[in-house]
Amino acid sequence: MNTCPRSFSVVICVYTEDRWEDILAAVDSVCRQSLPPLETLLVVDHNTALLERLGREYGERAARGEERAARGEEQVARAGEQVARAEIRVLANAGPRGLSAGRNTGIAHARGELVAFLDDDAVAERDWLRFFDEAYENPRVLAVGGRTVPAWSSGSRPGWFPEEFDWVVGCTYRGLPAGRVRVRNVLGGNASFRRSAFDAAGGFATGIGRREGDGRPLGCEETELCIRLAGAVPGAVLLIDDRAVIHHKVPAVRERFGYFRERAYAEGLSKALVARSVGTDKGLESERRYTTRVLPAGVVRGVRDAFAVRARRDRPGGLGRAGAIVTGVTAAAAGYLVGRLRTRGGAVTFSSGSIEREGARSRAGTPLAESPGGSSQVATGPRSPGPGPGPGPTSAREAAV
């Protein structure tokens with residue numbers, strides 16, 4: 001057990017006011033951690049109204065916190081728990097629109113030794129950061145992910161939705177090993193990295209991950225980064241610890257079969273980009289085991305459930321789950337083939353590169369990023385010593401694919 005925990009910067013990327021309550025809940029879950037973070041960074045993706053609203057929200061909370069501090073109340077008891085006052089900063093995405101550039105902006109501003117990422121529609125369990133921290137006792141560990149549990153808007157999993165495809169809704173899927181285990185890549189919505197990992201491998205590649213308004217729900221930016229990281233640092237260890245749990249909201253639209261099919265197709269497109277970047281062997285290494293072992297077992301299980309009396313009662317929809325697995329594999333394979341054809345023609349471009357730290361740019365006299373009408377950051381709680389705001393865009397290494 002580590003007697004001197006490392007410092008965490010938690011990055012939450014946000015883009016729409018439609019998730020206002022979800023954003024507040026995500027931040028609150030970070031503030032309630034048994035291992036409090038050094039700071040929470042809310043990165044707003046090119047949405048001025050949301051940027052200003054969050055600035056007001058946490059500016060007002062900061063004022064209330066200062067009043068409590070003046071009365072000697074460093075922590076406020078709620079339902080028998082102590083809610084730690086951690087610094088919260090609201091930042092504008094300094095790069096192009098999209099999740100990857102938003103994360104890179106957070107990394108550039110991060111002051112912690114470790115950088116954790118939490119989705120804006122998820123809440124972390126109380127010991128989330130503590131379990132992450134324990135894994136970093138090994139100096140070779142450069143990234144640690146956790147277990148993401150779906151919180152279905154309908155109240156329960158659709159009967160046809162196979163657990164083997166929970167990655168479709170951004171959650172941990174059946175087939176991943178249990179416990180604390182070594183993996184090829186972590187899942188981006190519930191992950192942490194040493195800050196030094198980004199110095200070695202660069203940031204998230206833009207042009208792969210999600211962007212608001214895109215016609216297809218692309219992904220795989222964390223897969224590409226993790227493979228690139230393993231290549232940049234010989235002997236690097238990446239882990240998943242299933243005790244580091246978050247609960248991820250699944251909206252009703254993502255419980256529909258049409259979204260399932262579309263997301264599987266988009267995953268195939270994304271995998272083609274990753275394979276073009278890092279090579280087919282590394283890009284599809286984990287997927288081969290998944291498609292040849294995990295998915296066939298899922299089909300058999302679904303068919304068996306459809307004909308077993310007890311399974312039909314306890315877990316209806318067995319044939320639907322088996323059919324969904326076949327559909328998902330077919331859609332992903334089709335997306336991959338289309339993606340390979342596109343990349344061969346040079347129609348798709350993505351970029352990745354080093355991330356210049358906020359402090360380095362500030363000291364060099366680079367203009368600081370600001371939101372309309374004022375600073376792009378708002379701090380709550382006592383400030384940590386460090387440089388002022390101002391992340392720069394990542395320096396791009398273009399990969400024509």
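Scope of the values below: all heavy atoms of this structure, side chains included, with no hydrogens, waters or symmetry mates.
- Salt bridge R321/E163: absent, no basic N to carboxylate O contact under 4.0 Å.
- One side chain, R130 or S34, offers a donor N or O that lies under 3.5 Å from an acceptor on the other.
- Under the 3.5 Å distance criterion, the side-chain polar atoms of N93 are left unmatched by any main-chain donor or acceptor of V44.
- A salt bridge between R228 and E224 is present, with a side-chain N of the basic residue lying under 4.0 Å from a carboxylate O of the acidic one.
- Between F165 and W167, the ring-plane angle classifies as tilted under the 30° and 60° cut-offs.
- Listed for the R342 side chain is no donor-acceptor partner under 3.5 Å among the backbone atoms of L273.
- Looking at F8, F198, F132, Y136 one by one, the single match for ring pair (Phe, Tyr, Trp, His ring centres under 6.0 Å) with F193 turns out to be F198.
- Judged by distance alone, with hydrogens and angles left aside, the side-chain atoms of Q33 form a donor-acceptor pair with the main-chain N or O of E125 at under 3.5 Å.
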- Message: Before you tell me yes or no, could you show the steps for E39 and S9 under side chain to side chain donor-acceptor pair (under 3.5 Å), namely the whole-Å CA-CA distance, both residues' side-chain angles and the distance that decides it to 0.1 Å?
- Response: CA-CA 5 Å; E39 58 187 354; S9 296; 2.6 Å; yes

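- In this structure a side-chain-to-backbone donor-acceptor pair under 3.5 Å is present from D133 to R6.
- Scanning for side chain to side chain donor-acceptor pair (under 3.5 Å) contacts around R53 gives E17, with sequence neighbours left out.
- A donor-acceptor pair shorter than 3.5 Å can be found between the side chains of E255 and S154.
- Contact detail for L319 and A306: the closest heavy-atom pair is CG-CB, 3.4 Å.
- Of the candidates D22, D119, D18, K249 forms a salt bridge (charged side-chain N to carboxylate O under 4.0 Å, His left out) with just one, namely D22.
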